[in-house]
Amino acid sequence: MFKRVVRQSKFRHVFGQAVKNDQCYDDIRVSRVTWDSAFCAVNPKFVAIIVEASGGGAFMVLPLHKTGRIDKAYPTVCGHTGPVLDIDWCPHNDQVIASGSEDCTVMVWQIPENGLVTSMPEPVVVLEGHSKRVGIVTWHPTARNILLSAGCDNVIIIWNVGTGEAIITLEDMHPDIIFSVCWNRNGSLICTACKDKKVRVIDPRKEEIVAEKDKAHEGARPIRAIFLSDGKVFTTGFSRMSERQLALWDPDNMEEPVSVHEMDTSNGVLLPFYDPDTNVVYLCGKGDSSIRYFEITDEAPFVHYLSTFTTKEPQRGMGYMPKRGLDVNKCEIARFYKLHERKCEPIIMTVPRKSDLFQDDLYPDTAGPEAPLEAEEWFEGKNGDPILISLKHGYIPGKNRDLKVVKKNILDNKLSKNTENTTPAIKTATSTPSIVTKLDEVLKEMKSLRELVSSQEKRIDPEIPSPSSLFFL
């Protein structure tokens with residue numbers, strides 16, 4: 001498959017290890033929806049898993065420490081009316097998660113500090129704008145409250161979650177279903193893979209395609225595309241002979257790939273997970289029982305095969321822990337949450353080192369939870385690189401602020417639209433008579449009520465003893 005040339009790399013001996021049974025999450029009914037998403041999202045506090053739900057769509061949110069058998073009655077996040085297809089944790093708030101569903105909506109949820117106590121049917125905000133099911137949701141890496149969604153209506157919408165508004169709508173760029181969308185490191189560009197076999201690099205604020213490659217992979221099965229930290233694009237797909245391929249592209253020259261490799265003839269879609277700190281890409285095939293990992297460097301052949309972690313059971317989905325959630329004392333460089341049919345199994349990737357000291361070369365400063373930009377700044381054209389934090393003493397989570405949605409903008413827009421065609425003079429003229437007529441009606445009703453009461457009093461026979469006289473009898 002690859003030339004096994006011995007080359008120096010600190011990640012050559014990385015090995016994977018599944019945790020013991022008592023550290024797995026058992027008895028979870030993982031979703032059976034036929035959609036090529038990861039079905040799992042992880043952050044340093046929680047693991048979220050899309051599950052089977054009768055009469056709608058739901059996902060489960062478990063605190064990381066809640067391992068073992070999960071009770072059937074365990075509360076879920078259950079506000080969607082159709083199956084949930086994709087979920088994504090906010091990188092700037094470990095308690096906020098977004099979900100896209102077959103019911104054509106995107107919902108954003110605020111999970112309580114210690115996890116769910118009762119089921120959660122009410123989201124913080126519902127984002128409505130897609131006409132078909134929403135299969136992809138992904139947060140902006142550096143700007144607060146910006147969320148991207150892509151639906152089967154072939155439309156990408158970028159939302160300001162803080163106001164509940166769709167700010168940018170990218171239509172007519174994709175003639176077919178969008179398989180994947182990925183932000184670049186500072187969130188100034190997105191790259192998409194589409195069923196028309198094209199990989200596109202798009203500037204969402206200018207609403208223009210910066211670069212595209214037709215037939216990035218010749219095969220008919222789904223393509224995935226992600227940005228690397230240096231701006232290159234990494235894709236996985238299938239050749240004309242249905243072999244699985246991976247390729248590396250330079251957006252400045254998309255004519256030919258920088259590097260391309262054939263892998264095997266399995267038909268599972270390869271989900272790529274990328275660590276920008278170490279430049280290692282992990283490929284997890286849906287339905288496979290293995291995780292392959294590759295190091296990407298500046299020297300040919302650019303994509304270097306490292307190793308494969310294999311288990312007996314095939315995977316239904318996969319969650320990938322951000323760097324700040326790893327155990328630096330054990331030289332852990334990646335952690336996956338592998339979904340089986342009825343459980344979720346953490347898999348730990350470790351670099352074998354003898355020393356107990358902090359390994360600076362394995363853990364350069366990584367992206368922290370602080371957002372360098374607010375949503376409005378990004379929409380105005382500013383860019384910001386992630387604010388980096390050191391993991392030398394481990395990651396200590398700070399206090400997350402609540403997600404507040406201020407919908408003033410929406411109401412203001414509606415009011416201004418309604419009042420565009422009416423002058424203030426006409427408005428007051430039409431509204432004043434309506435108030436007067438209402439007052440007249442109320443006064444008439446009061447008058448008739450008074451008359452009714454007095455007529456009823458007259459009808460009462462004066463010979464009937466009063467309640468006080470009855471008391472004395």
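By convention here, the first residue in the shown sequence is residue 1. Remember, predicted model here, so these are calculated numbers, not experimental data.
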Flag the pair [X] and [Y] as a salt bridge only when some basic side-chain nitrogen lies within less than 4.0 angstrom of an acidic carboxylate oxygen.
| X | Y | result |
| --- | --- | --- |
| Arg133 | Glu102 | yes |
| Arg12 | Glu295 | no |
| Lys232 | Asp230 | yes |
| Asp27 | Lys72 | yes |
| Arg353 | Asp361 | yes |
| Arg244 | Asp288 | yes |

Aromatic ring proximity, centroids under 6.0 angstrom, Tyr320 and Phe336
yes
Does Trp89 have its ring centroid less than 6.0 Å away from the ring centroid of Phe46?
yes
Go through Lys338 and Glu313 one step at a time and tell me if the salt bridge (Lys or Arg N to Asp or Glu O under 4.0 Å) criterion holds.
CA-CA 10 Å; Lys338 174 179 170 176; Glu313 297 277 326; over 6 Å; no
Only one of Leu271, Val199, Leu246 passes side-chain contact (heavy atoms from CB on, under 4.5 Å) with Arg224; say which it is.
Leu271
Between Ile167 and Trp159, is a side-chain contact (heavy atoms from CB on, under 4.5 Å) present by the stated rule, with each step listed?
CA-CA 6 Å; Ile167 306 292; Trp159 309 85; over 6 Å; no
Between the side chains of [X] and [Y], is a donor N or O closer than 3.5 angstrom to an acceptor N or O?
| X | Y | value |
| --- | --- | --- |
| His174 | Thr192 | yes |
| Lys45 | Gln95 | yes |
| Arg185 | Asn383 | no |

Check the orientation of Tyr293 and Tyr282. Use parallel for under 30°, tilted for 30 to 60°, and perpendicular for over 60°.
tilted
Using a 6.0 Å cut-off, check whether atom [atom1] of [X] has over 12 heavy atoms from anything other than its own residue.
| X | atom1 | value |
| --- | --- | --- |
| Glu208 | CD | yes |
| Lys197 | NZ | yes |
| Glu207 | CD | yes |
| Arg221 | CZ | yes |
| Asp298 | CG | no |
| Asn114 | CG | no |

Enter the distance from Met60:CE to Arg29:CZ here, rounded to the nearest 0.5 Å.
7.5 Å
How many angstroms lie between CZ in Arg69 and CD1 in Ile28, if you round to the nearest 0.5 Å?
11.0 Å
For Pro123 against Met107, the heavy-atom pair lying closest together
CG-SD, 3.8 Å
Identified salt bridge (charged side-chain N to carboxylate O under 4.0 Å, His left out) counterpart of Arg144 within the set Glu374, Glu376, Glu377:
Glu374
